[in-house]
**Student:** 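Okay, handing you the structure first.
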Amino acid sequence: MATWQALLSIMTFLGVIILIMTEWVHLTIAALLGALLLVFANVMTLKEAVGYIGNSHGTLGLFFGVMVLVRAFEPTKIFDYLATQIVILAKGDGKRLLLSIVGIVTPICAVLPNATTVMLLAPLIPPMAKEIGINFVPLLILMVFIANSAGLLTLVGDPATFIVGDAINISFIDYLWHLSLGGVIAIVTVTATLPFLFRTIWQTKIDNLEELPHTQINHPRVLTVGAVIIAFVLIFFVIGESLPVPISPAAVALLGAALALLLSHHSRIDTVNNILRDVDWSTLIFFMSIFVLIGGLEKTGVINGLSGFLATILGKNIVLGSLFLLLFVGILSSVVPNIPLVVAMVPLLKQYLVSVGLAPTEVLAQDFQGQFPVEVLPLFYAMMFGATLGGNGTLVGASSNIVAAGISEQHGRRISFPTFLRYGIPVMFLQLATSSLYVWVRFLL
């Protein structure tokens with residue numbers, strides 16, 4: 001690939017990140033223009049660009065399906081009702097409210113992908129905050145922190161974790177035994193920051209809960225059928241891929257969305273056009289554009305070139321390599337969404353291991369089903385922690401961040417890049433420090 005094309009891919013990607021950080025243009029416009037620039041500059045054809053988007057069809061299908069599913073049940077007022085109940089259970093205490101978000105999100109993210117969890121639970125936050133009289137943006141940011149951190153509890157909790165785990169053929173049980181404690185430590189780290197980063201909400205107290213509006217559920221019969229659909233979706237999220245005929249989470253979400261649309265249309269609680277119009281197309285287009293930008297870096301050889309860089313500075317030092325990767329990937333993941341980042345980093349790391357003689361060439365095969373040498377596994381574990389926790393650093397670091405930003409905008413408030421940064425940077429560096437200590441003690445001593 002020509003050097004000018006590689007240089008253009010790098011400059012375009014960096015330009016998009018700068019535009020997003022400075023907020024000169026909307027993040028979706030910046031990413032879309034960057035992707036189209038690569039096409040019009042003939043770095044890739046339109047067909048190739050669509051191919052890079054198609055490679056991530058599972059992520060996009062999952063997001064679209066859950067967006068439709070959540071939107072279809074808005075007319076029932078179920079989200080407003082649940083928000084009121086959570087405030088009442090927290091007794092109007094901001095401290096309890098923050099801890100309840102931690103307690104609710106954590107177990108759900110152990111079995112569902114974190115971005116999916118945010119899509120399902122984030123609609124509760126704006127009405128909840130309104131009833132207490134506080135800004136809902138910090139609550140959404142906290143939900144994102146916990147969702148991303150809890151994604152480390154199991155193999156399926158975060159798409160980035162799953163991608164890396166699948167690449168090294170680790171089982172669900174082996175993951176629990178070796179890595180879940182790191183997820184617990186990440187959640188405890190966020191929880192410890194609550195009295196400081198979220199001080200205003202921590203000190204909030206409502207004395208007269210009787211004055212809260214008591215939202216009534218609309219269309220209870222429709223909601224009962226909807227609960228069956230959601231239960232079906234959640235169950236098959238967990239067991240679908242282990243069935244004799246595997247069903248991907250994306251396929252489950254899309255079927256759930258189709259059933260929800262059918263229910264809404266048949267019961268006439270809303271129209272199909274209204275539901276589809278309110279889907280967060282901005283977030284979906286942003287992800288599609290980012291996948292194209294990463295594809296440009298991959299096609300022009302930029303990603304492969306980094307493997308040679310790793311081999312030069314790390315050699316065969318697993319301890320140094322693991323800690324370097326955790327911090328390097330963590331910081332990189334704060335500006336590059338972690339799903340496309342790990343998609344690009346996994347083959348890079350495999351190539352590095354082969355180049356320095358730490359793994360056989362067989363591991364480079366797409367269908368490799370064997371086991372990696374035990375001594376190199378900490379490198380992949382470090383990548384998991386770095387990619388997942390680094391995503392807490394900035395607004396564009398993880399898919400759940402972008403999803404939360406889209407939901408916030410739909411409810412009338414925009415999560416600005418600097419606002420997220422104010423919360424994200426301290427949390428990210430604290431978590432990278434504690435996870436580095438965990439990886440070092442657990443795998444490298």
Side-chain angles (χ1 to χ4, degrees), residues 13-31 34 98 101-102 105 114-115 118 122 125-126 129 134-149 151 158 160 186-187 189-202 282-283 286-287 289-290 293 326-341 385-409 411-436:
F13 182 81
L14 292 177
V16 168
I17 296 300
I18 290 171
L19 287 175
I20 292 172
M21 292 176 65
T22 56
E23 299 187 322
W24 288 342
V25 296
H26 191 280
L27 57 86
T28 301
I29 298 173
L98 291 172
I101 291 175
V102 176
V105 174
N114 49 14
V118 171
I125 298 296
I134 58 176
N135 182 3
F136 65 74
V137 166
L139 295 179
L140 280 177
I141 292 174
L142 173 61
M143 174 176 284
V144 164
F145 289 162
I146 298 300
N148 291 340
S149 305
D158 187 294
I187 294 167
T189 302
V190 178
T191 305
T193 69
L194 296 182
F196 310 102
L197 286 179
F198 302 88
R199 184 182 298 109
T200 302
I201 299 175
W202 185 267
S282 174
T283 296
F286 173 80
F287 277 117
S289 302
I290 286 293
L293 290 169
L326 196 153
L327 295 174
F328 173 73
V329 173
I331 293 171
L332 193 58
S333 180
S334 67
V335 294
V336 181
N338 57 10
I339 294 175
L341 176 63
F385 282 97
T388 302
L389 300 178
N392 282 332
T394 71
L395 184 62
V396 297
S399 54
S400 51
N401 305 14
I402 305 299
V403 168
I407 292 172
S408 180
E409 200 164 344
H411 285 84
R413 284 184 182 267
R414 190 170 61 89
I415 302 179
S416 69
F417 198 94
T419 297
F420 196 100
L421 207 65
R422 189 168 69 249
Y423 293 93
I425 289 299
V427 167
M428 179 188 77
F429 279 110
L430 282 172
Q431 288 186 315
L432 290 180
T434 54
S435 60
S436 295

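In what follows, every heavy atom counts, from backbone to side chain, and hydrogens, waters and symmetry copies are set aside.
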**Student:** Can Ile134 and Leu139 be said to form a side chain to side chain contact (heavy atoms under 4.5 Å, CB included), step by step?
**Tutor:** CA-CA 9 Å; Ile134 58 176; Leu139 295 179; 3.9 Å; yes
**Student:** Taking all atoms of both residues into account, what is the closest heavy-atom pair of Asn338 and Ser399, and its distance?
**Tutor:**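 Heavy-atom minimum between the residues: OD1-N, 4.2 Å.
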**Student:** Output the distance between atom OG (Ser436) and atom CG (Leu326), rounded to the nearest 0.5 Å.
**Tutor:**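 These two atoms lie 4.0 Å from each other.
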**Student:** How many angstroms lie between CG in Asn401 and OG1 in Thr283, if you round to the nearest 0.5 Å?
**Tutor:**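 Answer for the CG-OG1 pair, Asn401 versus Thr283, is 11.0 Å.
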**Student:** Would you give the length of the straight line joining atom CZ of Phe385 to atom OG of Ser333, rounded to the nearest 0.5 angstrom?
**Tutor:**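 Reported value, rounded in 0.5 Å steps: 14.0 Å.
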**Student:** Is it true that a side-chain atom of Glu409 and a backbone atom of Arg414 form a donor plus acceptor pair closer than 3.5 Å?
**Tutor:**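 It does not hold such a pair.
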**Student:** Begin from the C-alpha positions of Phe420 and Val144 and carry the test side chain to side chain contact (heavy atoms under 4.5 Å, CB included) through to its verdict.
**Tutor:** CA-CA 10 Å; Phe420 196 100; Val144 164; 4.2 Å; yes
**Student:** Which atoms form the tightest heavy-atom contact between Ser416 and Leu395, and what is the distance?
**Tutor:**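 Heavy atoms only, the tightest pair is C-CD2, 4.5 Å.
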**Student:** To the nearest 0.5 Å, what is the distance between CZ (Phe136) and CD1 (Ile125)?
**Tutor:**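 That separation rounds to 10.0 Å.
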**Student:** Could you work out, with ring pair (Phe, Tyr, Trp, His ring centres under 6.0 Å) as the rule, every residue matching Tyr423, not counting sequence neighbours?
**Tutor:**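 Tyr423: ring pair (Phe, Tyr, Trp, His ring centres under 6.0 Å) contacts with Phe198.
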**Student:** Compare every heavy atom of Gly390 with every heavy atom of Leu432, then report the nearest pair and how far apart it is.
**Tutor:**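 Of all heavy-atom pairs spanning Leu432 and Gly390, the closest is CD2-N, 4.4 Å.
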**Student:** Report yes if the side chains of Leu98 and Val102 come closer than 4.5 Å at any heavy-atom pair, otherwise no.
**Tutor:**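 The answer is no, as the side chains (C-beta and beyond) never meet within the 4.5 Å cut-off.
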**Student:** Working to the nearest 0.5 angstrom, can you tell me the gap between Ser408 OG and Ile415 CD1?
**Tutor:**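 It is 4.0 Å, given to the nearest 0.5 Å.
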**Student:** What is the minimum heavy-atom distance between Ala30 and Val16, and which atoms define it?
**Tutor:**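 Heavy atoms of Ala30 and Val16 come nearest at O-CG2, 3.4 Å.
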**Student:** Test Leu19 against Ile29 for side chain to side chain contact (heavy atoms under 4.5 Å, CB included), laying out the working first.
**Tutor:** CA-CA 10 Å; Leu19 287 175; Ile29 298 173; over 6 Å; no
**Student:** For a quick test of reading the model, state the closest non-hydrogen atom pair linking Ser282 to Thr28 and the distance between them.
**Tutor:**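 In this case the closest contact between Ser282 and Thr28 is OG-OG1, 2.6 Å.
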**Student:** Can you tell me which residue among Asp158, Asn114, Asn148 is in a side-chain hydrogen bond (donor to acceptor under 3.5 Å, both in side chains) with Ser400?
**Tutor:**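 Passing option: Asn148.
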**Student:** Is any side-chain heavy atom of Val105 less than 4.5 Å from a side-chain heavy atom of Leu142?
**Tutor:**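 Side-chain contact under 4.5 Å: no.
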**Student:** Going through the checks in order, is the side chain to side chain contact (heavy atoms under 4.5 Å, CB included) test met by Thr434 and Leu430?
**Tutor:** CA-CA 6 Å; Thr434 54; Leu430 282 172; 5.7 Å; no
**Student:** Mind listing the closest non-hydrogen atom pair of Met428 and Leu389 along with its distance?
**Tutor:**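 The answer is CG-O, 3.9 Å.
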**Student:** At what distance, to the nearest 0.5 angstrom, does OG1 of Thr419 lie from CG of Asn135?
**Tutor:**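 So the gap between those two atoms works out to 8.5 Å.
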